[in-house]
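The structure under discussion appears below in the form of structure tokens.
Please read these numbers as outputs of a predicted model, since none were measured by experiment. The chains referred to below are lettered A, B, ... by the order of the sequence lines, with proteins before strands, and numbering in each begins at 1.
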Amino acid sequence: MVPRRALRPCAKRSFLVACIAAVVEVVMKKEKYNPTVIEPKWQKKWEVDHLYHAREDDPRPKFYFLTMLPYTSGDLHIGHWYAMAPSDAKARYTRMKGYNVMFPIGFDAFGLPAEEAAIKHGIHPYKWTMANIERMRGQLKSMGAMWDWEREAITCDPSYYKWTQWFFLKFYEHGLAYRAMAPVDWCPHCNTSLAREQVWGEDRHCERCGTPVIKKDLEQWFFRITKYAEELLDFSKIDWPERVVTMQKNWIGRSEGVRFDLGIKGSPKKIPVFTTRPDTVFGMTFAVLSPEHPLVDELTTPEHRAEVEAYQFKARRMAEIDRLSTERERDGVFIGTYAINPMNGEEVPLYIADYVLMTYGTGAIMGVPAHDERDFDFARRYGLPIPVVIAPPDWDGQPLKAAYVGEGTMVNSGRFSGLSSREGWEAIADEMEQRGIGKREVQYRLHDWLISRQRYWGAPIPIVYCADCGIVPVPEDQLPVLLPQDAEFLPTGESPLKYHKEFLHTTCPCCGRPAERETDTMDTFMCSSWYHMRYTSPGYDKGPFDPVRYKYWMPVDQYTGGIEHATMHLLYTRFFTKACRDIGIVDHDEPMLRLFNQGIILGEDNEKMSKSRGNVVNPDEYVRTMGADTTRAYLMFIGPWDAGGPWSSRGIEGVHRFLHRVWDVVVNPAKPPEGQASPEEIAALRRMTHKTIRKVTDDMEAFRFNTAIAALMEMNNYLLKAKNTLVVHSEAWSEAVRSLILMLAPITPHLAEELWERIGGPYSVHTQPWPQWDEAAAAEEMVTLVVQVNGKVRDRLSVPAGLSEEKARELAFGSAKVQRYISDRDIVKTIYVPDALINIVVK
RNA sequence: GCCGAAGUGGCGGAAUGGUAUACGCGGCGGUCUCAAAAACCGCUGGGGGUCAACCCUGUGUGGGUUCGAAUCCCACCUUCGGCACCA
């Protein structure tokens, strides 16, 4: 409080004026909208009444509405609000439409930031995470969303990760989890390996910290997601945004081709290669192995060995360090051996080059410079011939200046010459298959999912390594493998588990002799791949979920969240479901039937919000000053939800004013003299009400919150004018007010509940059915008929709806404004769009 | 480079073949006030006009289809997002 004497004279005066105004208001009984009072009041009541607890014995059809769970980073920012408030509005709307809606919430609680905090501030990750959850719960509750808190799940809780480990064991048992030595992406800052999906951008940086990654050879655990590559390309059972579907398709990267064997001069060995262009095989003038190809050593002749090994060394260093160069030279080294083209018996030099990746196809390719850009560059560099075998449509027979990768007519291709490249593709593939030297094959870009993380704060991988028994899964009845509480966090970032003797040393579950535990933990995306399953029955302890309740709720009917998870969480969770189905744990194919991706909320300066830019919006502040309802409604009003957009502190004030005016319409209607409004006035009011219900219903269905709110604003503006007229005494007025409150309920739940109570509605507004519109009441009696001459608007006429064409034409031709443009011209024709427009075409 | 989305007043946006700019912000004018703020009421794309009627023009740029195009087609430009030698 400011001491009284600190007030300057003018401040003193305005204080007095404010006091007088307040007194006047009380005397006049004009009550003001006060969200800071009504919001906590209703939140408390809803909680006490378990208003949002979803039950399985409800007779209405079930609807599982889910929003991606938040990560326990510590503070709820406006981005969380943007993801959750509109989603809550849609869930509430769905409930009012007659569904038994479950809208759960939980926390994604494992992960690096907790561990970083431990290293930096000496606070245990568990404590840090739990404190954050406590704080976030309070912030989430201030939003007034209809979350069923009784279903809350926290992924770092042993009662949760026990089942994460259980899923791992099931996957292992069914051959879907395996351990392999592989060159993996390693973040030198986070000191852990990463899945391919977590490495981003041109410079291949770590998704979390931005540090460029390096390659490291490590023994790691993988999930066999590639087994599902083909099925994951099938989106026919789900209704997901095209954007996500495209991204997943590209990520999986299916390509059809032929795998065939190249011969080797002076050796019975074969080199399998993969190509998507078997039609170009006669244009092969060299072949290339990846530097890491297992045959390199054997096929390198002594006189080339030194050079080859130097290149291999260089390639390896490149893979580890030099990842920033975008303009990579396509160089390589001849290894002294010749490969044989099985189609024409030609001998071609065999190279190694780092543009051929060991991780795709067979790690070896045929080099067809005329019809592949990379091969073209390579052949140019080493002076290799570039014969054309697919003639471009208007080819003049001259050497190509660039690779031609399109379709054309086959030339210089033996008996295949003259075929179109498309026909030749099939013909050559057929011949290779008949001769037993090749086979049609589908390749995917997708790699298996690397789940090992060399960090502490994750679910331990339930595996024991025994000198005698090898890899031994921890038996189910010994789950969970608990994370030790007393771990030491080293600033080197190395996993504390490695140095925790009691954790590391154990006995083999198989033979009972001393053995060591796996010290890596699981990728947190493993935890979030099944959290939606857990929500169906969170306390259940005989399995990850209660099969009966699971069957009732699953699959998720509507999922919402950010697009950034398109090729990570959203792909993993689909894989997870399919894997569980094949194991027999679940009986459906897809986890989430419909998906909606919200956009990103930007700072007031139209830039991405960040502390360094100083453009971060704190939702708590707005909740304190303007209320949660205003903040919710404003976020929905900014623009289309999937587009995101910049925050505006002026914009939110506009929405706040709107809510004040709603309050004014409902709580403080004027008192016009007694009397009856005219039938026309009543019809007009009803038209407004029913048109608005129709518009808002359509918009809510399609997630168009911005235009729904605009329609409610229009209706309220109408009511503000009407409230001084006699219509306030009519049933149409009560209907209008009721409808307005009901339509606001999903968007501004506290305000709606308060107003609903004040008009005497039965508690709660959120259990009321959504209002229905009457098409007849919504229909316009008079419409504006636009009169055009040659497509230019020349007049606007107010006419009764449903006007006949003849009558419309008569009126249009009767218009003086129109006559000016048609009087001395020939009328070619008229076009009539009922209740909208008439266009007179003249010459 | 390839793939995808999008370009509309001063700003966020609305309109997906038929009145361009709904709704909100901002701005201008007014009411209330000693004054200001708040609130409320008007006006508000640009240019012209005897500032009235009215006219011209206008949805990234240039073409096209159509009686009529922000909307459909072609080419280009810009911005954002995804992919990164995937044979």
Side-chain angles (χ1 to χ4, degrees), chain A residues 10 13-14 17-18 21 200-204 241-247 249-251 253-255 257 273-277 280 288 290 323 326 328-330 353-357 359-368 371-375 377-378 443-447 563-564 566-567 599-600 602 606 634 637-640 642-655 657-658 660-661 664 695 704 706-714 716-717 720-721 784-793 795-796 817 820 828-833 835-842:
Chain A
C10 68
R13 198 166 53 196
S14 55
V17 169
W200 288 10
E202 209 171 299
D203 60 346
R204 316 302 303 134
E242 207 43 52
R243 227 174 4 153
V244 175
V245 170
T246 306
M247 280 168 78
K249 278 184 180 165
N250 291 344
W251 186 258
R254 182 185 202 274
S255 42
V273 295
F274 176 75
T275 180
T276 55
R277 292 298 302 272
T280 66
V288 189
S290 163
R323 304 208 134 254
T326 36
R328 271 167 267 194
E329 297 165 38
R330 283 193 240 292
D354 64 4
Y355 80 87
V356 176
L357 309 173
T359 49
Y360 185 80
T362 61
I365 59 153
M366 63 173 190
V368 182
H371 307 294
D372 181 281
E373 278 161 34
R374 294 149 304 177
D375 295 348
D377 289 351
F378 192 84
Q443 281 285 336
Y444 302 93
R445 220 182 58 104
L446 182 72
H447 287 50
I563 186 98
E564 66 273 17
T567 57
I600 297 167
L602 302 171
N606 230 315
Y634 173 61
F637 185 64
I638 288 177
D642 52 354
W647 176 269
S648 159
S649 48
R650 305 308 296 262
I652 190 171
E653 281 174 38
V655 171
R657 281 198 282 267
F658 161 61
H660 265 105
R661 287 192 289 260
D664 224 37
K695 168 77 177 149
R704 287 190 300 253
N706 57 328
T707 47
I709 294 171
L712 291 169
M713 284 174 168
E714 271 182 87
N716 196 59
N717 288 344
L720 274 169
K721 288 204 172 89
T784 304
L785 182 72
V786 172
V787 186
Q788 297 183 335
V789 177
N790 285 349
K792 276 186 196 284
V793 178
D795 202 1
R796 294 181 172 94
K817 290 174 185 170
R820 280 224 307 251
V828 180
K829 61 174 167 177
T830 59
I831 284 124
Y832 180 57
V833 183
D835 293 346
L837 170 143
I838 182 158
N839 187 12
I840 303 164
V841 185
V842 297

task = Take atom CD1 of A/I638 and atom P of B/G13, then tell me their distance rounded to the nearest Å.
result = 9 Å
ask   = Say you pick atom P in B/C40 and the same atom in B/G24; how far apart are they, in whole Å?
value = 11 Å
ask   = Which whole number of Å gives the distance between the P atom of B/G58 and that of B/G64?
value = 15 Å
query = Pick one for B/G29: is it syn, with its angle within 90° of 0, or anti?
reply = anti
inquiry  = Strictly by Watson-Crick or wobble contacts shorter than 3.5 Å, is anything paired with B/C11, and which nucleotide is it?
reply    = B/G24
task = Could you tell me whether A/V833 contacts a base, only the sugar-phosphate backbone, or nothing, with contacts defined as non-hydrogen atoms closer than 4.0 Å?
result = base
inquiry  = Please give the distance between the P atoms of B/G49 and B/C55 as a whole number of Å.
reply    = 16 Å
message = Under 4.0 Å, heavy atoms only, any strand: does A/S648 hit a base, just the sugar-phosphate, or nothing?
response = nothing
request  = Select one nucleotide: of B/C85, B/G13, B/A87, the one nearest the side-chain heavy atoms of A/P640.
outcome  = B/G13
inquiry  = Syn if the chi torsion is within 90° of 0, anti otherwise; quick check, which is B/C51?
reply    = syn
query = Using a cut-off of less than 4.0 Å, is there contact between a side-chain N or O of A/R657 and OP1 or OP2 of B/C25?
reply = yes
query = With both distances under 3.5 angstrom, what nucleotide forms a Watson-Crick or G-U wobble pair with B/C76?
reply = B/G60
task = Could you state the atom-to-atom distance from CZ of A/R445 to P of B/C83 in whole Å?
result = 8 Å
ask   = Start at the 5' end of RNA chain B and walk down; is the nucleotide closest to A/L446 or to A/R796 reached first?
value = A/R796
ask   = 5'-most contact on RNA chain B: A/V786 or A/K695, nearest heavy atom basis?
value = A/K695
remark   = Closest to the side chain of A/N839, out of B/C85, B/G13, B/G18, is B/G18
key: Of the listed nucleotides B/G24, B/A22, B/G82, the one nearest the side chain of A/M713   = B/G24
ask   = Just how far, in rounded Å, is C1' of B/A69 from CD of A/Q788?
value = 12 Å
task = Using the P atoms only, state how far B/G26 lies from B/C76, rounded to an integer number of Å.
result = 42 Å
ask   = Taking the P atom of each, how far is B/A5 from B/U19, in whole Å?
value = 26 Å
inquiry  = Is A/N706 close enough to B/A14 that one of its side-chain N or O atoms is under 4.0 Å from OP1 or OP2 there?
reply    = yes
message = Under 4.0 Å, heavy atoms only, any strand: does A/V356 hit a base, just the sugar-phosphate, or nothing?
response = base
remark   = Scanning all shown strands, the Watson-Crick or wobble mate of B/C40 with both distances under 3.5 Å is B/G30
task = Between B/G13, B/A15, B/G12, spot the one nearest the side chain of A/T707, thanks.
result = B/A15
query = Does the side chain of A/S255 get closer than 4.0 angstrom to OP1 or OP2 of B/A87 through an N or O atom?
reply = yes
request  = Could you tell me whether A/T359 contacts a base, only the sugar-phosphate backbone, or nothing, with contacts defined as non-hydrogen atoms closer than 4.0 Å?
outcome  = nothing
ask   = How is A/R650 classified with respect to the nucleic acid when contacts are heavy atoms under 4.0 Å: base, sugar-phosphate, or nothing?
value = sugar-phosphate
inquiry  = Side chain of A/D354 only, heavy atoms from C-beta on: which candidate in B/U19, B/A87, B/C85 is closest?
reply    = B/C85
A/N606 CG to B/G7 P, straight-line distance once rounded to whole Å = 15 Å
request  = Quick one: label A/E714 by what it contacts on the DNA or RNA (base, sugar-phosphate, nothing), any heavy atom closer than 4.0 Å.
outcome  = sugar-phosphate
ask   = What nucleic acid atoms does A/K721 come within less than 4.0 Å of, heavy atoms only: base, sugar-phosphate, or nothing?
value = sugar-phosphate
inquiry  = Checking contacts here: which listed nucleotide (B/G18, B/G13, B/C54) is nearest the side-chain heavy atoms of A/K817?
reply    = B/C54
inquiry  = Considering every strand and a 4.0 Å limit on heavy-atom distances, what is the contact class for A/R704: base, sugar-phosphate, or nothing?
reply    = nothing
inquiry  = If you compare every side-chain N and O of A/K792 against the phosphate oxygens of B/C55 (OP1, OP2), does one of them come in below 4.0 Å?
reply    = no
query = Do any side-chain nitrogens or oxygens of A/R661 fall under 4.0 Å of OP1 or OP2 in B/C40?
reply = yes
ask   = With rounding to whole Å, what would you report as the distance between B/C74 and B/U79 at their P atoms?
value = 23 Å
ask   = Is the shortest side-chain N/O distance from A/N717 to OP1 or OP2 of B/G24 below 4.0 Å?
value = yes
task = Write down the distance separating the C1' atoms in B/G27 and B/U16, rounded off to the nearest Å.
result = 31 Å
message = Expressed as a whole number of angstroms, how long is the span from A/D664:CG to B/A39:C1'?
response = 10 Å
task = For nucleotides B/G17 and B/G7, find the distance between their P atoms and express it as a whole number of Å.
result = 15 Å
query = Whole-Å distance between B/G26 P and A/I652 CD1?
reply = 13 Å
